[in-house]
Amino acid sequence: MKLLRYGPPGQEKPGLLDADGQIRDLSGVVPDLAGEVLSDEGLARLAALDPTTLPMVGGDPRLGPPVAGMKNFVCIGLNYADHAAETGAAIPKEPIVFLKSLGALQGPNDDVEIAPDSVKTDWEVELAVIIGTRAKRVSEADAMAHVAGYAVCNDVSEREWQAERGGTWDKGKGHDTFGPLGPWLVTRDEVPDPQNLSMFCEVDGHRYQDGSTRTMIFGVEKLVSYVSHFITLHPGDVISTGTPPGVGLGQKPPVYLKVGQTIRLGIQGLGEQTQKTVQG
């Protein structure tokens with residue numbers, strides 16, 4: 001299934017994408033895509049529905065983040081061997097974990113703000129793992145049972161704030177609009193191998209990132225287990241798993257986002273996002 005949330009910010013309704021690419025309204029079935037709805041049992045109930053019996057949503061509504069009730073927006077740094085190489089960083093011995101502010105979360109096609117004092121705003125296409133059931137100190141063998149599905153994430157980053165403003169990556173990661181998520185949650189059963197997905201990111205039509213989850217240093221099972229030993233994960237939480245090479249920081253010379261540009265990014269089987277950059 002492809003599950004989504006549509007409508008104005010803060011007023012999103014749950015929906016699903018049918019076989020013809022039409023949005024079907026789920027608000028008469030579940031209050032939102034959150035909590036128990038994201039468990040295997042909750043998802044099985046949704047999968048048993050006949051989409052043609054659900055109201056069709058007309059027009060071209062805004063898409064919001066595909067899950068609600070998130071408590072933790074967890075990100076993994078330098079998790080692609082080829083991305084670590086382009087930044088000149090050593091291969092991490094353990095996952096690098098940081099938190100993205102929940103205030104950064106937004107819909108997949110909402111505008112991205114360039115702050116007035118930003119000089120190094122950058123893009124990062126990432127595979128987001130969406131948690132379906134509470135995970136606390138789970139083993140790698142049990143990790144996937146806690147995963148509801150996957151989505152596309154753009155881990156927008158301000159590199160000067162991240163690396164040159166006195167420490168902690170979170171500073172460069174948590175600005176408003178820096179966490180586009182979606183367009184939908186693709187359930188786990190539709191992604192048999194999350195470690196073999198092609199992914200890309202373009203700015204104004206120029207493809208900067210053209211990678212694959214094959215080059216991840218730490219895979220999905222490892223990350224869910226690892227993070228759960230430090231941070232209890234709840235339904236709707238996200239682990240954004242790192243980015244392949246081709247970020248602006250890695251260009252020679254570096255290239256950063258400016259107001260008035262278009263970012264397009266996507267992951268095989270998970271859909272695409274498109275954002276305009278605007279003055280923040």
Side-chain angles (χ1 to χ4, degrees), residues 4-12 59-68 70 73 75 77 83 86-87 98-126 128 151-184 199-210 238 240 242-267 271-280:
L4 54 88
R5 298 170 69 247
Y6 68 94
Q11 302 175 44
E12 293 93 346
D60 186 22
R62 169 192 173 268
L63 296 180
V67 288
M70 185 188 301
F73 197 163
C75 295
H83 171 56
E86 78 169 341
T87 64
F98 61 93
L99 294 175
K100 206 169 181 77
S101 167
L102 296 184
L105 184 66
Q106 67 167 17
N109 304 314
D110 294 344
D111 292 341
V112 166
E113 293 181 4
I114 307 293
D117 57 342
S118 167
V119 293
K120 296 181 179 179
T121 301
D122 203 348
W123 57 85
E124 293 190 12
V125 59
E126 303 201 0
V152 181
C153 181
N154 187 358
D155 177 21
V156 183
S157 309
E158 213 297 346
R159 302 299 190 187
E160 184 193 40
W161 301 354
Q162 177 184 353
E164 303 171 39
R165 295 291 299 274
T168 80
W169 283 15
D170 305 56
K171 260 193 255 186
K173 301 284 190 170
H175 191 270
D176 292 350
T177 77
F178 274 20
L181 187 69
W184 29 74
M199 53 207 307
F200 76 91
C201 181
E202 299 174 351
V203 179
D204 288 344
H206 179 85
R207 183 159 295 200
Y208 285 97
Q209 292 187 277
D210 195 358
V238 163
S240 199
T243 198
V247 299
L249 174 66
Q251 306 303 308
K252 301 190 186 316
V255 176
Y256 297 112
L257 292 166
K258 303 184 294 291
V259 171
Q261 294 189 296
T262 299
I263 313 166
R264 187 172 76 93
L265 59 149
I267 299 178
E272 296 185 4
Q273 305 180 351
T274 302
Q275 295 114 26
K276 301 286 188 181
T277 54
V278 298
Q279 186 66 64

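We're numbering straight along the sequence, starting at 1.
A donor-acceptor contact under 3.5 angstrom links the side chains of Gln275 and Asn154, judged on distance only. A donor and an acceptor atom, one from each side chain of Ser157 and Gln162, are nowhere located under 3.5 Å apart.
Nearest heavy-atom pair, Ser240 versus Glu126, reported as atom, atom and distance to 0.1 Å: OG-OE1, 2.7 Å. Across Gly174 and Ser101, no two heavy atoms sit closer than the pair O-CB, 3.6 Å. Counting all heavy atoms, side chain and backbone alike, Cys153 lies closest to Ala128 at CB-CB, 4.0 Å.
Applying the ring pair (Phe, Tyr, Trp, His ring centres under 6.0 Å) rule to Trp123 yields the partners Tyr208; only residues at least two apart in sequence or on another chain are considered. Listed by chain and number, the residues in a salt bridge (charged side-chain N to carboxylate O under 4.0 Å, His left out) with Asp122 are Arg159 (sequence neighbours excluded). Every residue meeting the salt bridge (charged side-chain N to carboxylate O under 4.0 Å, His left out) condition with Lys100, not counting sequence neighbours, appears here in chain and number order: Asp155. Applying the salt bridge (charged side-chain N to carboxylate O under 4.0 Å, His left out) test to Arg62 and every residue at least two apart in sequence or in another chain returns Glu12, Asp110. Residues passing the ring pair (Phe, Tyr, Trp, His ring centres under 6.0 Å) test with Tyr6: none are found, sequence neighbours excluded.
In this structure, Glu124 CD and Ile263 CD1 are separated by 11.5 Å, a value rounded to the nearest 0.5 Å. Residue Asn109 holds its CG atom at 10.0 Å from CD of Glu272, rounded to the nearest 0.5 Å. Summarising the geometry, atom OG1 belonging to Thr121 is positioned 9.5 Å from atom CD belonging to Glu160; distances are rounded to the nearest 0.5 Å. Within the model, atoms CD of Gln279 and CG of Asp111 stand 12.0 Å from one another, a figure rounded to the nearest 0.5 Å. Summarising the geometry, atom NE2 belonging to His206 is positioned 15.0 Å from atom OG1 belonging to Thr262; distances are rounded to the nearest 0.5 Å. Expressed to the nearest 0.5 Å, how far CD of Gln273 lies from CG of Leu63 amounts to 10.0 Å.
Pro65 places none of its side-chain heavy atoms less than 4.5 Å from the side chain of Phe73. Considering only heavy atoms from C-beta on, Arg264 comes within 4.5 Å of Phe200 through its side chain. Put simply, the side chain of Cys75 does not reach to within 4.5 Å of the side chain of Lys173, judged on heavy atoms. Using a 4.5 Å heavy-atom cutoff, the side chains of Met70 and Val238 are in contact. Using a 4.5 Å heavy-atom cutoff, the side chains of Val125 and Pro244 are in contact. Using a 4.5 Å heavy-atom threshold, the side chains of Val112 and Gln106 count as touching.
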Counting only pairs under 3.5 Å, give me each side-chain donor-acceptor contact of residues 175-184, with atom names and distances, residues two or more places apart or in other chains.
{"from": "Thr177", "atom 1": "OG1", "to": "Glu113", "atom 2": "N", "distance (Å)": "2.8"}
{"from": "Trp184", "atom 1": "NE1", "to": "Leu270", "atom 2": "O", "distance (Å)": "3.4"}

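Between Glu164 and Lys120 there is a salt bridge, since a side-chain N of the basic residue sits under 4.0 Å from a carboxylate O of the acidic one.
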Take Thr277 and Gln261, measure what side-chain hydrogen bond (donor to acceptor under 3.5 Å, both in side chains) needs, and give me the verdict at the end. CA-CA 5 Å; Thr277 54; Gln261 294 189 296; 5.0 Å; no
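Annotation: Asp60, atom CG; neighbour count of heavy atoms from other residues, nucleotides and ligands within 6.0 Å does not exceed 12.
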